[in-house]
Amino acid sequence: MNSQNFNTHRAKLEQLVHTHAPSDHVASAMLQHIKHMAAAMQAEEAEATTRLHHAHTAHRTPAARIRQFILGEARVA
């Protein structure tokens with residue numbers, strides 16, 4: 001999954017920061033940026049998942065099925 005791939009690369013990046021940052025202050029600042037980047041990615045993933053579930057649910061309601069049938073959009077399941 002993309003999130004697993006992201007977390008693998010994030011961990012490697014954090015290791016590089018720990019070993020190659022010129023000072024503790026710089027390392028701390030870089031790690032904070034990585035932390036915020038990871039949080040933003042996880043929030044985006046959660047939002048996309050929620051939208052996908054809502055869209056799927058909306059297309060499975062009886063009213064949506066009737067509308068699809070009337071408009072000739074019925075799909076074979």
Side-chain angles (χ1 to χ4, degrees):
M1 220 172 169
N2 283 340
S3 60
Q4 183 179 6
N5 193 20
F6 177 85
N7 285 326
T8 299
H9 289 288
R10 186 192 71 184
K12 289 179 182 180
L13 182 58
E14 288 174 350
Q15 289 173 354
L16 288 171
V17 168
H18 281 297
T19 58
H20 297 293
S23 69
D24 288 342
H25 176 71
V26 172
S28 179
M30 292 172 75
L31 290 171
Q32 283 298 317
H33 286 296
I34 293 169
K35 177 182 169 185
H36 292 303
M37 182 178 67
M41 186 263 189
Q42 290 172 344
E44 183 177 342
E45 182 180 25
E47 182 178 337
T49 300
T50 300
R51 286 183 183 177
L52 181 64
H53 288 302
H54 286 302
H56 179 73
T57 302
H59 289 285
R60 295 293 180 199
T61 63
R65 288 181 177 265
I66 292 169
R67 185 172 50 250
Q68 290 170 353
F69 178 77
I70 291 170
L71 296 175
E73 298 175 354
R75 296 177 181 91
V76 177

*asked:* Applying side-chain hydrogen bond (donor to acceptor under 3.5 Å, both in side chains), can you list everything that pairs with E47, at least two apart in sequence or on another chain?
replied: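 Only R51 meet the side-chain hydrogen bond (donor to acceptor under 3.5 Å, both in side chains) criterion with E47.
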_Going by the rule side-chain hydrogen bond (donor to acceptor under 3.5 Å, both in side chains), which residues pair with H25 if we only count those two or more places apart in sequence or in a different chain?_
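For H25, no residue satisfies side-chain hydrogen bond (donor to acceptor under 3.5 Å, both in side chains) once neighbours in sequence are set aside.
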*asked:* I need the minimum non-hydrogen distance between S3 and M41, along with the two atoms involved.
replied: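 In terms of heavy atoms, the two residues are closest at CA-CE, 3.7 Å.
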_Sequence-distant partners of T61, side chain to side chain contact (heavy atoms under 4.5 Å, CB included), two or more places apart_ =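 Partners of T61 under the side chain to side chain contact (heavy atoms under 4.5 Å, CB included) test: A63, A64.
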Could you list the donor-acceptor pairs under 3.5 angstrom formed between side-chain atoms of residues 10-24 and any protein atom two or more places apart in sequence or on another chain?
from, atom 1, to, atom 2, distance (Å)
T19, OG1, Q15, O, 3.1
T19, OG1, L16, O, 3.2
S23, OG, V26, N, 3.2

Pairs of donor and acceptor atoms involving the side chains of residues 27-36, under 3.5 Å and at least two apart or interchain, shall be tabulated with distances.
none

